[in-house]
K.L.:
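Take this structure first; my questions come after.
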Amino acid sequence: MDIESNTDIKVYAKGLAFEGGKYDLRSLELIVSGYRSILDNLIAVELGKRQLTPAIKKQIGYEVEIREGSIELLIDFVFQHKELLALAATEMDGGKLLSESLVKLYKSAIDLRKAVSEALEQGININIAFNVNAINKYGDNCVVVNQQENKIEISNPKTLWAAQLTKSATDRILNNLDGKNIEYIDFESSNDKYTLTTDEKVILGAHKEVLPDSMEIIGRLDMVAFTSHKGEIVSEGETFPVVWDEEIRSDMQSIADVEGCVFKVKPIIDQKRLHANAIGFVVLECRNPQMKLLK
């Protein structure tokens with residue numbers, strides 16, 4: 001399939017959900033909203049930002065055509081203020097170079113997530129490093145597994161960034177890609193294409209690890225389910241999911257919904273998210289400073 005000359009990106013999905021001239025509404029919404037989110041995040045990465053600001057969103061719009069008889073989205077980038085965009089040559093080509101870089105960047109992001117998933121499956125510690133010999137490139141061969149040095153090499157830091165920012169939308173799409181109703185999805189520019197199939201489902205799921213170092217959080221235990229040893233600590237306006245062992249259950253019960261309690265915790269990370277930010281904590285001890293040490 002050759003992408004049309006006036007179209008910057010094409011998203012094509014094949015499956016039973018799109019046959020007979022009618023679309024399954026859930027599948028259609030999944031693809032339209034999912035790839036809108038993916039495009040927003042990829043463009044943000046290209047601009048060196050964590051997310052698109054309202055001002056940038058006003059500068060770049062999408063014009064979408066859905067072809068009759070298939071789920072084929074033809075997306076044209078619309079630039080309202082080209083002079084404000086720091087994308088080399090993008091202003092002159094109407095989005096062609098931008099679309100090609102986005103497809104390559106997305107492929108690199110998925111390749112990185114697949115390499116990480118494979119390493120975790122083999123019990124290998126994740127060590128992502130930049131390959132200085134191929135810096136600032138992405139696309140084919142930008143993610144290399146260096147087995148001798150036990151590390152994954154990427155040629156552009158944007159690859160890691162894109163993998164993090166597109167994770168949520170990509171996972172939502174993959175969770176609904178079953179090989180039948182949605183068989184596969186092409187993400188395509190004029191010169192590049194990346195296809196999502198059920199094979200990419202290897203990147204789904206979590207790989208949780210409890211870090212050895214402990215820390216203290218001062219807050220209030222909330223939203224408690226004591227039978228399953230789960231709850232949340234509310235501290236300085238933030239909420240942290242927590243779990244604990246049966247041994248301190250009575251201690252946790254005694255300080256539930258009490259302000260200003262001290263919790264000694266160990267962070268839990270999910271290595272498949274490709275960052276070291278805690279997704280939760282294991283509570284080791286808890287105490288109310290106004291009372292004696294509970295545990």
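Computed from a prediction, not measured in an experiment: that's the story for all the values here. Residue numbers run from 1 in the order of the sequence given.
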K.L.:
Nearest heavy-atom pair of I110 and T170: which atoms, and what distance?
P.N.:
CD1-CG2, 3.8 Å

K.L.:
Measuring only between side-chain heavy atoms, which start at C-beta, is T166 closer than 4.5 Å to Y106?
P.N.:
yes

K.L.:
Under 3.5 Å, is there a donor-acceptor pair linking the side chains of S37 and R172?
P.N.:
no

K.L.:
Grab the two heavy atoms, one from Q164 and one from L274, that are nearest each other, plus how far apart they are.
P.N.:
NE2-O, 2.6 Å

K.L.:
Tell me whether M223 shares a hydrophobic cluster with F226, the cluster being built from Ile, Leu, Val, Met, Phe, Trp, Tyr side chains joined at under 4.5 Å.
P.N.:
no

K.L.:
Identify whether the distance between the nearest side-chain nitrogen and carboxylate oxygen of D222 and R220 falls below 4.0 Å.
P.N.:
yes

K.L.:
Kindly check if the number of other-residue, nucleotide or ligand heavy atoms within 6.0 Å of CG (N277) is above 12?
P.N.:
yes

K.L.:
Looking only at heavy atoms, which two atoms of F77 and S99 are closest? And how far apart?
P.N.:
CE1-CB, 3.9 Å

K.L.:
Strictly below 4.0 Å, N to O, side chains only: are R113 and D171 in salt-bridge contact?
P.N.:
yes

K.L.:
If you compare all heavy atoms of N176 against all heavy atoms of I182, which two are closest, and at what distance to 0.1 Å?
P.N.:
O-CD1, 3.8 Å

K.L.:
In terms of hydrophobic clustering (I, L, V, M, F, W, Y; side-chain heavy atoms under 4.5 Å; direct or indirect links), are L112 and L120 co-clustered?
P.N.:
yes

K.L.:
Ignoring hydrogens, what is the shortest heavy-atom contact between A17 and S27? Give both atom names and the distance.
P.N.:
CB-OG, 3.6 Å

K.L.:
Using the test ring pair (Phe, Tyr, Trp, His ring centres under 6.0 Å), find all partners of F281 that sit at least two apart in sequence or belong to another chain.
P.N.:
F240

